[in-house]
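Following: one structure in structure tokens, then a few remarks.
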Amino acid sequence: MEDNLGSDSVPSGPIDKSRVMTVKPLRCLVPVFPSHSGSSASPQAPPFAFGAPTAPFPPGAAQFFPFVGSHESQTPASVPNQGMPEPDANPIVSPVPLNSFRTPAPPAPPVNTSGRGRPRGSTKSHEPYDDGYTQNGGYENGFTIDTEDSSDATKRKRKARKIVKGPEAVAVSNSEVDIDEMVNHLLRSFNLVDINTSLQADSDRELVQRVVLVYNLLRRKIMQLDDAKGIIPGISRRADLRSGTILMNKGARANTRRRIGAVPGVNIGDVFFFRMELCLAGLHAPIMAGIDYLNSKVSGDEEPIAVSIVTSGGYEDDGDDGEVLIYSGQGGGQRNDKLITDQKLERGNLALEKSLHKGNEVRVVRGLKDGTNVTGKIYVYDGVYKLHESWIEKGKSGCNVFKYKLIRVAGQPEGFMLWKSIQQWRDGVTARVGVILPDLTSGAENLPICLVNDVDSEKGPAYFTYSSSLKFAKPFRSSKSSICRCSNGCQPATNCPCVEKNGGYLPYSIGGVLLSHNSVIHECGSSCLCPSTCRNRVSQTGLKLHLEVFRTKDKGWGLRSWDPIRAGAFICEYAGDVIENGSDSDDEYVFDSTRSFEALEPVPTDEPVKPPFPVIVSAKNKGNVGRFINHSCSPNVCWQPILRENEEECYLHIGFYAIKHIPPLQELTYDYGIPQAEKKNGPQRKKCLCGSTKCRGYFY
């Protein structure tokens, strides 16, 4: 065209066709790439030239893969370099599929200056982590997450499959603490190494409880390690999934044989706070799906049948009245593109339909809202049900939804109905039977504690003055201690002196759960400048559980809770008068820290529980609900020494924490310990009535 014509100009008049360039098909055209600085390409270059883009990149961006690499050039040796640009310092690497490209990582966060742990921006890159549960054709467990193994060959094989997402995540193996060594020691301590095959296939209650206990100890330890690094929890940093997968890979699980009906070692009313616990106990295999099913050969064909369901409120129109459950099928609903899809009669829905015709029992786990965690759930095993009816109806979103009616098999202990009864007590719909006093504390605690007797005619315990705190004659002297100045509360991965006293860790999670048992807890003292809501003041904020003092059948008065209690949760202090000269032999309300106690968490990185000062507390005349906690040789509660320091003096308190998950209205017990030596005027042996399989037959 004419040189004076603009790019948008339209020529007028005849066109000189002799000046039109030769027209060629598109496949013959040569793509033009900008030249590198300092290089000159001949205008007679071959038909196609490779070169990395060199145009300006947006702010914060850089050259991207595959244009940056270290592989050798792909120019064939047999083709002469005729007129081609010289090979660039960053030649093209071998071709890779598009789905191998990764989203560029966001800028690294500020480097941790506390001197502990690896800076969050210095971690290596890892493969994306898929938290999902996958079912294969045999409906067995499938996990996409691996952990370290003791075999070096296995480590090398699995190195490329590490399960972390995001630049801030740190793989389990990258922790300063050797997680694999800690896990192995933990498993050995609880006899979970090389479990008997037959016992693992059909487990007893003792094995189920050990597996779940170890899972929670490991989960909280991983949380504490991540917390100290300043790692923000997320989908790829969920300690519940990571610890569960570690135990799965180690073979530390119960009830590995899939079955229809009740699961040995799991009682109706047992509570779980994580889906992984259901999987490890053998109660419900999928960690995501609500319907667990397996294949059953019927008339020579492979047909799935349902073995368990979890009602978690994930689907609309779920409903029940305690004994009858209307369960919605899985799938369907409104997608992100606004398209409404119907549920299909496949997988779990098909399994429920087949179970309806076969008439087999189906385990039901109730998913309930956790009152202490907005996004959390509590899972309650409610026994076995049978399917009685199925139909299709329009859901609220307009799609067709499968509905299944299940009726609870008669003759089973109370499960979910107990929860409904407790809720009716709270709401005042029905009255609690056997209440003697609505509030034993007379308002001294955050929540009322009722006194209940539905066993005999006893009207109450011997008179005592209720006191919610420990009374010291004088504080303990100590070296001058630093106080924290955390105006927003103590935070992990900082230079807070209270964090330093706890070995560089905060003892509690954000939700107030104790993360490690085998250490003295250093809480913030009254001189610290952090607020009362600081997460390092858990025992100072009073009761958070609705407790009741009740009359037992053969052990006098005891203590239990209306609320489910999560493992590691703070229950109460042991309040009373600190005595210096020892207790009387007739004083039954004594806590003695000088006695020997069995360690709960035998991990080599932790020190055994040993108070810095011996403390003996008498709650005979003055005390709180802690005085009603009875002894058991297999307790569900343990005590921890809590130290609160103020410059040159400190106060030692005794806190009670849940060892494991405790269902509502289950008695709270702890091990009273063994005295160093029997004294004539000291505590004497008493017959133990705890009923545990590990009962010593006596206590002090």
Side-chain angles (χ1 to χ4, degrees), residues 112 114-118 120 123 147 164 168-187 189 213-234 236-247 273-274 276 373 376 484 486 489-524 534-539 566-570 599-609 638 640-643 655 657-660:
N112 177 11
S114 65
R116 295 183 308 277
R118 184 192 305 252
R120 291 164 58 184
T123 58
T147 56
V164 186
E168 301 169 351
V170 179
V172 169
S173 59
N174 288 344
S175 171
E176 284 80 356
V177 176
D178 189 337
I179 294 291
D180 197 57
E181 180 183 349
M182 184 184 72
V183 171
N184 291 334
H185 186 85
L186 192 62
L187 296 179
S189 300
L213 174 61
V214 169
Y215 166 78
N216 278 288
L217 292 174
L218 177 60
R219 177 186 58 82
R220 286 181 279 154
K221 193 64 180 179
I222 291 177
M223 284 179 60
Q224 189 177 50
L225 294 175
D226 285 351
D227 205 21
K229 297 175 185 294
I231 297 175
I232 301 175
S236 62
R237 304 303 303 160
R238 285 179 55 176
D240 59 324
L241 297 180
R242 293 165 60 199
S243 54
T245 305
I246 290 173
L247 295 186
F273 284 80
F274 301 94
M276 261 296 186
N373 187 346
C484 75
C486 308
C490 299
Q491 299 296 328
T494 63
N495 293 322
C496 169
C498 295
V499 174
E500 297 291 346
K501 294 173 187 176
N502 286 290
Y505 304 102
L506 272 177
Y508 302 105
S509 70
I510 296 176
V513 174
L514 186 66
L515 296 177
S516 181
H517 288 278
N518 287 351
S519 60
V520 177
I521 301 172
H522 292 264
E523 286 194 349
C524 297
C534 174
R535 60 185 280 192
N536 198 35
R537 294 183 182 271
V538 169
S539 70
R566 182 190 295 255
F570 172 73
L600 170 65
E601 188 180 348
V603 179
T605 55
D606 291 333
E607 297 179 357
V609 175
C638 65
Q640 291 286 136
I642 304 172
L643 204 60
Y657 299 84
I659 295 175
K660 53 190 176 183

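Keep in mind that this is a model prediction, so the values were computed, not measured. As a basis for the values below, the full set of heavy atoms in this structure was taken, side chains included, without hydrogen atoms, waters or symmetry mates.
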* **By side chain to side chain contact (heavy atoms under 4.5 Å, CB included) - contacts of V214 (at least two apart)** => L186, L187, F190, L192, L247
* To do: Evaluate the side-chain proximity of F273 to V513: yes if any heavy-atom separation is below 4.5 Å, no if none is.
  => no
* Could you go through the side-chain contact (heavy atoms from CB on, under 4.5 Å) check for M276 and T245 one step at a time? => CA-CA 9 Å; M276 261 296 186; T245 305; 3.7 Å; yes
* Asked: Hey, does V538 have a side-chain heavy atom less than 4.5 Å from the side chain of I521?
  -> no
* Less than 4.5 Å apart, any side-chain heavy atom of C524 and any of C490? -> yes
* Asked: With a 4.5 Å limit on heavy-atom distance, are the side chains of M182 and I179 in contact?
  -> yes
* Just by distance, do the side chain of R219 and the backbone of G244 share a donor-acceptor pair under 3.5 Å? -> no
* Starting at CD1 of I659, measure out to SG of C638 and round the result to the nearest 0.5 Å. => 4.5 Å
* Are side-chain heavy atoms of V499 and Q491 found at a separation under 4.5 Å? -> no
* List the atom of N502, the atom of V520, and the distance in Å for their closest heavy-atom pair. => OD1-O, 3.8 Å
* Do any N or O atoms from the side chain of N536 and from the backbone of H522 form a donor-acceptor pair under 3.5 angstrom? -> yes
* If you round to the nearest 0.5 Å, how far is CG of N184 from CD1 of I246? -> 10.0 Å
* Structure fact -> In terms of heavy-atom contacts, A228 and Y505 come closest through CB-CD2, 3.5 Å
* Asked: Which residues pass the salt bridge (charged side-chain N to carboxylate O under 4.0 Å, His left out) test with R566, sequence neighbours left out?
  -> D370
* List the atom of I222, the atom of S243, and the distance in Å for their closest heavy-atom pair. => CD1-CB, 4.1 Å
* **Pairwise side-chain contact, S516 with R220, heavy-atom cut-off 4.5 Å (strictly under)** => no
* N495 CG to C486 SG distance, which is reported to the nearest 0.5 Å -> 9.5 Å
* Asked: So, the side chain of R242 versus the backbone of R238: is there a donor-acceptor pair under 3.5 Å, distance only?
  -> no
* Asked: Picking from R535, E523, Q224, what satisfies side-chain hydrogen bond (donor to acceptor under 3.5 Å, both in side chains) with Y508?
  -> E523
* To do: Compare every heavy atom of S539 with every heavy atom of Y657, then report the nearest pair and how far apart it is.
  => OH-CB, 4.4 Å
* Partner set under ring pair (Phe, Tyr, Trp, His ring centres under 6.0 Å) for Y215, not counting sequence neighbours -> none
